[in-house]
Peer 1: 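Below are the structure tokens for one structure; questions will follow.
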Number of protein chains: 2
Amino acid sequence: MTAGDPRARDTSVDTIQRELTAFARRARATAARLHPELPLVSYTLLAHIDDQQGCRATDLAGHYMLDKSTVSRQIAALEKLGLVERRPDPDDHRVQVLHPTDAGTETLAATQGSRRAAVRDRLADWSEEDLNRFADYLLRYNSAH
Amino acid sequence: MTAGDPRARDTSVDTIQRELTAFARRARATAARLHPELPLVSYTLLAHIDDQQGCRATDLAGHYMLDKSTVSRQIAALEKLGLVERRPDPDDHRVQVLHPTDAGTETLAATQGSRRAAVRDRLADWSEEDLNRFADYLLRYNSAH
DNA sequence: TCGAATGAGTTGTACTATACAACCAATACC
DNA sequence: GGTATTGGTTGTATAGTACAACTCATTCGA
């Protein structure tokens, strides 16, 4: 298989697809190990809400390609746990702006700590350049289309 | 943030974690769009079985960090669909060796075609070198520990 | 300016994915 | 030969998800 051979691309493409999928399949187990107290999806949405200070349910659904009903229930669960609060949007009464509560921010900080430690561990022997490039590739891949 | 600053590493690590998670959250929706006839996990396991010609349920559980009961049910579903068959292992009567049936191989080929096309599309403007490196990074990340 | 179309969110319902525990059967190891 | 281990199934419970039908608020067009 020489350089420029279309099969070389296909091999890489297949590997990328396979490895991304394997990662996705394992994500739940990893999350359960790292923060058994906070379900995986709840954690993800809470992190996004915190990151985007003041996002809407629809934004979450769009970002993660989830149905709005799914997000609605997830938010309800997070609210019940006291981790997220809804604020009415004065400009558009259909909208609820989501914010982490103090408890939410704390919980997130704690679990984010252990998550980051785990990922950092796993990436401990990577050069800074490789980390950077890997991060860029993922961003580029995810932002396509 | 200068080079060598530990925070530079953390930024990359956070991005990697965030983007991998985002990908994982979207995987189901993507799969549903690409092959509505074959549920995501079924597809993944079938692909692995095909790849590893003759693997055991336990191997699947190990590879994807799933409980053996989960795998057992998934295999049962694939068998019911006529996509996988179990062959007894003559050396160890506890073991069932899993193989794709002809129908399984066909189904896989069809869906794999559309999947690969989608990924290839999304990676169309990547240089071969970038593809290669991205694939390597993913392999390296997934094989850690 | 009113009625239709659109958009945000909720709720009913159903199904997939998953884990844990208890179990059975075959094998391996003293 | 008895005990521990391993591969797999089944019962049960829960998370995660989609789709459809709904409500309420907003916008837009005639």
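All values below come from the heavy atoms of this structure, side chains included, with hydrogens, waters and symmetry mates left out. Below, read A as the first sequence line, B as the second, and so on, with proteins coming before strands; counting in each chain starts at 1. None of these values were measured; they are calculated from a predicted model.
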Peer 1: Tell me whether the count of non-hydrogen atoms from other residues, nucleotides or ligands lying under 6.0 Å of CG in B/D125 goes above 12.
Peer 2: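 More than 12 within 6.0 Å, yes.
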Peer 1: Are the side chain of A/S72 and the backbone N or O of A/K68 linked by a donor-acceptor pair below 3.5 Å?
Peer 2: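 Judged by distance alone, no pair lies under 3.5 Å.
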Peer 1: State which of C/dG9, C/dT10, C/dC20 makes the closest approach to the side chain of A/V95.
Peer 2: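 For the A/V95 side chain, the nearest candidate turns out to be C/dG9.
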Peer 1: Which of the following nucleotides, D/dG16, C/dA26, C/dT16, is nearest to the side chain of A/Q74?
Peer 2: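 Within the option list, the nearest is D/dG16.
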Peer 1: How long is the line joining CG of B/L45 and C1' of C/dT18, in whole Å?
Peer 2: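 Going from CG in B/L45 over to C1' in C/dT18 covers 12 Å.
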Peer 1: Could you check how far CG of A/D91 sits from C1' of C/dA8, rounded to whole Å?
Peer 2: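 Result: 15 Å.
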Peer 1: It should be established whether A/R73 places a side-chain nitrogen or oxygen under 4.0 Å from OP1 or OP2 of nucleotide C/dG12.
Peer 2: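 Answer no for this pair, as no side-chain N or O of A/R73 is under 4.0 Å from OP1 or OP2.
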Peer 1: What's the NZ-P distance between A/K80 and D/dT14, to the nearest Å?
Peer 2: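 Between P of D/dT14 and NZ of A/K80: 13 Å.
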Peer 1: Could you state the atom-to-atom distance from CZ of B/R25 to C1' of C/dA17 in whole Å?
Peer 2: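 B/R25 atom CZ is separated from C/dA17 atom C1' by 12 Å.
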Peer 1: Taking the nucleotide of DNA chain D with the closest heavy atom to each, which residue, B/I75 or A/M65, is nearer the 5' end?
Peer 2: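 Taking each residue's closest nucleotide, the earlier one in sequence belongs to B/I75.
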Peer 1: When you get a sec, tell me which of D/dG8, C/dA17, D/dT26 is the closest nucleotide to the side chain of A/D92?
Peer 2: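 Side chain of A/D92 sits closest to D/dT26.
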Peer 1: Classify B/L66 by what it touches in the nucleic acid, base, sugar-phosphate, or nothing, heavy-atom distance under 4.0 Å.
Peer 2: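 B/L66: backbone/sugar contact only, no base atoms under 4.0 Å.
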Peer 1: Among the nucleotides C/dA25, C/dT18, D/dA25, which one has an atom lying closest to any side-chain atom of B/R94?
Peer 2: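 Among the listed nucleotides, the one closest to the side chain of B/R94 is C/dA25.
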Peer 1: B/L60 has an atom CG; how far is it from atom P of C/dA17, in whole Å?
Peer 2: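 Rounded to the whole Å, the gap is 14 Å.
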Peer 1: Please determine if a side-chain N or O atom of A/Q96 lies less than 4.0 Å away from the OP1 or OP2 oxygen of C/dT10.
Peer 2: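 Affirmative; the distance criterion is met.
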Peer 1: Find which nucleotide of DNA chain C each of A/D67 and B/S42 is nearest to by heavy atoms, and output the residue with the more 5' nucleotide.
Peer 2: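 The 5'-side residue here is A/D67.
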Peer 1: Starting from P on D/dG16, measure out to CZ on B/R26 and report it in whole angstrom.
Peer 2: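 Roughly 18 Å, once rounded to whole Å.
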Peer 1: Between C1' on D/dT5 and NE2 on B/H93, what's the gap in Å once rounded to a whole number?
Peer 2: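 From B/H93 NE2 to D/dT5 C1': 18 Å.
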Peer 1: Go through the structure and list residues passing ring-ring contact (aromatic ring centres under 6.0 Å, His included) with B/Y64, not counting sequence neighbours.
Peer 2: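 B/H48.
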Peer 1: Can you tell me whether the side chain of B/R28 and the base of D/dT17 have a donor-acceptor pair closer than 3.5 Å?
Peer 2: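 Side chain to base: no pair below 3.5 Å.
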Peer 1: Look at the side chain of B/S69 and decide which nucleotide, out of C/dT27, D/dG11, C/dA22, has an atom nearest to it.
Peer 2: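 So the nucleotide nearest the side chain must be D/dG11.
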Peer 1: Is there a donor-acceptor contact under 3.5 Å from the side chain of B/S42 to the main chain of B/L38?
Peer 2: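 Such a contact is absent between B/S42 side chain and B/L38 backbone.
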Peer 1: If only side-chain N and O atoms of B/R56 are considered, is one of them under 4.0 Å from the OP1 or OP2 phosphate oxygen of D/dG7?
Peer 2: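 Answer is yes, contact under 4.0 Å.
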Peer 1: Closer than 4.0 Å, any side-chain N/O of A/T70 to the OP1 or OP2 of D/dT17?
Peer 2: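 No, outside the criterion.
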Peer 1: Using modelled atom types and a 3.5 Å cut-off, is there a donor and acceptor pairing between side-chain atoms of A/R9 and backbone atoms of B/W126?
Peer 2: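 Yes: the side chain of A/R9 pairs with the backbone of B/W126.
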Peer 1: Which is true for A/T58 with a 4.0 Å heavy-atom rule: it touches a base, it touches only sugar-phosphate, or it touches nothing?
Peer 2: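 Touches sugar-phosphate only.
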Peer 1: I want to confirm an ordering. Mapping B/A57 and A/V41 to their closest nucleotides on DNA chain D, which one lands closer to the 5' end?
Peer 2: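 Upstream on the strand: B/A57.
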Peer 1: Set out, in order, the CA-CA distance, both residues' side-chain angles and the distance that settles side-chain contact (heavy atoms from CB on, under 4.5 Å) for B/D92 and B/R56, then state yes or no.
Peer 2: CA-CA 12 Å; B/D92 185 339; B/R56 302 169 305 158; over 6 Å; no
Peer 1: Could you tell me the separation between the NZ atom of A/K68 and the C1' atom of C/dT11, rounded to a whole number of Å?
Peer 2: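 Result: 12 Å.
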